[in-house]
Amino acid sequence: MNLNLKAADQNTYDAIVIGTGISGGWAAKELCEKGLKTLVLERGRMVKHLEDYPTMNLKPWEIKYGDRLTPREIKEDYPVQSQTEYAVLQSTKHFFVKDSEHPYNQVKPFTWTRGYHVGGRSLTWARWSFRLSDIDLEANAREGIGVDWPLRYHDLEPWYDYVESYIGVSGRKDGLKQLPDGKFLPPWEMNCIEQHLEQKIAENYSDRILTLGRTSNITQSVGGRSKCMARNLCRRGCPYGAYFSSNAVTLPVAEATGNMTLRPHSIVHSIIYDKDKKKATGVRIVDAESNETIEYYAKIIFCCASTLGTTSILMNSVSDAFPNGLGNSSGELGHNLMDHHFRIGANGIYDGFADQYYKGRRPTGVIVPRFQNIDKKTTRKDYLRGFSNYGGGSREGFWRSGEEAAFAFGEDFKQSLVTPGPWNFNFNAFGECLPNHDNKVYLDHENTDKWGQPILSIDMKFRENELAMRPEMMSSSAEMLEGCRF
Amino acid sequence: MGTARMGKDPKSSVLNRWNQLHEVPNVFVTDGSCMASSSWQNPSLTYMALTARACNYAVDQMKKQNL
């Protein structure tokens, strides 16, 4: 009896945070700084800033297979996540789970990108950092879609100020009501083709602008982290800590308080509910290495395990009081799954500026922020909400010459190798997805993973409104480039 | 995003305006599952802001002996 009490005491904290990604790292920092003894649980392995970034300083010729996954790796280990094309590479694959080790059911095709390790996807995210506006937060209520957000921009504004100032976000103040300005570091610079496009769009349109991306790649030193060196190798982990990740920014601060206990290899099975106290009392975990089941207790619990991670845990936390998942009397848990829709746009080649180039590899791009359904003038009949056109301009390089070189000889061949190709510009539009009750996930208790946990079934598709805006996502991209003589 | 959405009414949403489970107030959810709509913006900065806001609220409520 005494022994049990002692064990319970040892496993008791003020707070438990589940997950170490973007949200979990912030919860750990905030709660530890406020003096709470905090247990931070991560289902995957430890990744320490700098020492666990094995590829961060490798040269291109030191990486196998031109940095690409082999056909065997794609087939056996990454059949799903390899579809993202840009993210899972030889130099980054250790920051993504193997699809084969973490199965889920695609009731309809759904590409689920995951990184199970300390820092989670904060190491591999795209770093674009935008605020929501009241146009976004009021839209559900205005249109009778889903449920109204229970807060507005003025509730979030001081907290956007707080986190932006802390992490460092570079950007340009554009004064757009659909994309509120923030506490920005100086923006990155546009190259000549982007400046040209910016000017032409300003001449050709009154409803839109081209501006710099707002990104967590810092253009000045912030909180002891050096400014970004424009290597654009972010997803390997940054030797300068020059973009926001939990590993570089929030977790070291939490650690320094002395209040954090970080426990990797801790798969949360469920949250423990006490129906008499009407409170959660703790969590039950499975140690990923020993398969041991352990309980930890705390006064408050922060779920930051990612959208589908947290949802799975809540759905698996069943009791007499909550037979359908913790806090799920509404029946909405697991429903209304949303994702952005993209991979549509246009690419153009520009004949000119042959004597100009650029320095470094800027780790962000330019953007035409949403210009649809902002006000009466921009209201569309065929769809609600809207999209933004993300882009970037560059000169084609050696690879072009390499292809041409197959047909070149002598002097022409040498010349083609040392001459950059023409300027090109690529737009990729990124669109909003409406909440829909029928886009859902649920647990498959018949099939379990190697730790005996039920696997997730994902039943989600893009519907009428998303599909209705896609033609314009493409045509607007092409039209802006054509109007600029691409 | 969206599979434990915030809302005003416990009958149609999972979380309240402080990212608390309506029915279990000492459990907070501050990742993408809380989103009531997706918007076009990359959402991560919003997760950071909502998390910091919810942590501030949670500790405040603990001090007032409400949690």
Side-chain angles (χ1 to χ4, degrees), chain A residues 19 22-23 26-27 30-31 34 36 125-126 128-132 136 139-140 146-151 156 159-160 162-163 271 273 279-280 299-308 310-311 314 326-330 332-338 340 370 386-388 430-433 435 441, chain B:
Chain A
I22 284 190
S23 305
W26 265 98
E30 294 298 302
L31 297 175
K34 290 173 189 294
L36 269 57
W125 67 307
W128 297 84
S129 299
F130 296 120
R131 296 182 176 208
L132 304 188
D136 303 302
N140 281 0
V147 296
D148 186 15
W149 277 90
L151 45 75
L156 283 175
W159 298 101
Y160 278 133
Y162 174 62
V163 297
I271 294 170
Y273 181 72
K279 275 185 181 179
K299 297 187 190 86
I300 58 167
I301 297 166
F302 266 73
C303 301
C304 304
S306 84
T307 295
L308 296 178
T310 286
T311 302
L314 293 174
L326 190 67
N328 186 29
S329 299
S330 68
E332 293 296 335
L333 181 67
H335 291 267
N336 312 296
L337 178 62
M338 299 172 285
H340 292 114
R370 174 177 154 186
F387 58 87
S388 290
F430 213 68
E432 176 158 359
C433 168
V441 300
Chain B
M1 287 168 274
T3 42
R5 67 186 178 192
M6 297 171 81
K8 294 168 185 164
D9 185 352
K11 290 196 195 89
S12 58
S13 59
V14 181
L15 305 170
N16 70 10
R17 67 191 306 260
W18 299 106
N19 295 74
Q20 278 171 302
L21 286 180
H22 284 297
E23 300 174 288
V24 191
N26 67 332
V27 176
F28 292 77
V29 176
T30 66
D31 55 31
S33 50
C34 75
M35 302 288 277
S37 68
S38 75
S39 79
W40 61 266
Q41 290 93 323
N42 308 60
S44 304
L45 186 76
T46 299
Y47 303 164
M48 297 187 211
L50 285 169
T51 303
R53 179 176 176 269
C55 287
N56 186 61
Y57 177 79
V59 173
D60 190 48
Q61 291 298 305
M62 285 172 87
K63 282 183 190 154
K64 291 177 181 162
Q65 311 273 317
N66 291 337
L67 283 177

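Chain naming here is simple, since letters A, B, ... match the order of the sequence lines and numbering starts at 1 in each.
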So for [X], is it side chain, backbone, both, or neither that comes closer than 4.5 Å to the heavy atoms of chain B?
X        : result
A:Phe387 : backbone
A:Leu337 : both
A:Ile271 : side chain
A:Trp125 : side chain
A:Asp148 : both

Minimal non-hydrogen separation, [X] against [Y], with atom names:
X       : Y        : answer
B:Lys11 : A:Ser330 : O-CB, 3.4 Å
B:Met35 : A:Leu132 : CE-CD1, 4.3 Å
A:Trp26 : B:Ala52  : CE3-CB, 4.4 Å

Could you tell me which portion of [X] (side chain, backbone, both or neither) has an atom closer than 4.5 angstrom to a non-hydrogen atom of chain A?
X       : answer
B:Ala58 : side chain
B:Arg53 : both
B:Lys8  : both
B:Asn56 : both
B:Val27 : both

Donor-acceptor pair, side chain of [X] and main chain of [Y], under 3.5 angstrom:
X        : Y        : value
A:Thr307 : B:Ser33  : yes
B:Gln41  : A:Arg131 : yes
B:Asn42  : A:Ala126 : no
B:Thr30  : A:Ser23  : no
A:His340 : B:Ser39  : yes

Practice task
Give a yes-or-no answer on whether the side chains of B:Asp31 and A:Thr310 include a donor-acceptor pair shorter than 3.5 Å.
Solution key: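 On atom types as modelled, these side chains qualify, holding a pair under 3.5 Å.
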Note, [X] side chain near [Y] side chain (heavy atom, < 4.5 Å):
X        : Y        : answer
B:Val29  : A:Leu314 : yes
A:Leu156 : B:Leu50  : yes
A:Ile22  : B:Met48  : yes
A:Val147 : B:Asp9   : no

Among [options], who wins on heavy-atom pairs under 4.5 Å with chain B?
options                                : result
A:Ser129, A:Ser388, A:Cys433           : A:Ser388
A:Gly19, A:Gly146, A:Gly431, A:Ala27   : A:Ala27
A:Lys299, A:Lys279, A:His335, A:Glu432 : A:Glu432

Problem - Contact residues of residues 60-67 of chain B (partner chain A; heavy-atom separation under 4.5 angstrom) - result: B:Met62, B:Leu67
Practice task
Any chance you could lay out the ring-ring contact (aromatic ring centres under 6.0 Å, His included) test for A:Phe130 and B:Trp40, step after step, and finish with the verdict?
Solution key: CA-CA 10 Å; A:Phe130 296 120; B:Trp40 61 266; 5.3 Å; yes
Problem - Matching residue for B:Leu45 among A:Tyr160, A:Trp128, A:Trp159 - test: side-chain contact (heavy atoms from CB on, under 4.5 Å) - result: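 Filter result, single survivor: A:Tyr160.
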Problem - chain A contacts, top residue of B:Pro10, B:Cys34, B:Ser12, B:Pro43 (heavy-atom pairs, under 4.5 Å) - result: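 Among the listed options, the one with the most contacts to chain A is B:Ser12.
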Practice task
Look at B:Pro25, B:Ala4, B:Gly32, B:Ser38 and state which one has the largest set of heavy-atom pairs under 4.5 Å with chain A.
Solution key: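 The answer is B:Ser38.
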Nearest-0.5 Å distance that lies between atom [atom1] in [X] and atom [atom2] in [Y]:
X        : Y       : atom1 : atom2 : value
A:Glu332 : B:Thr3  : CD    : OG1   : 11.0 Å
A:Phe302 : B:Cys55 : CZ    : SG    : 4.0 Å
A:Asn336 : B:Met1  : CG    : CE    : 12.5 Å

Practice task
State which residues pass ring-ring contact (aromatic ring centres under 6.0 Å, His included) with B:His22; sequence neighbours excluded, sorted by chain then number.
Solution key: none
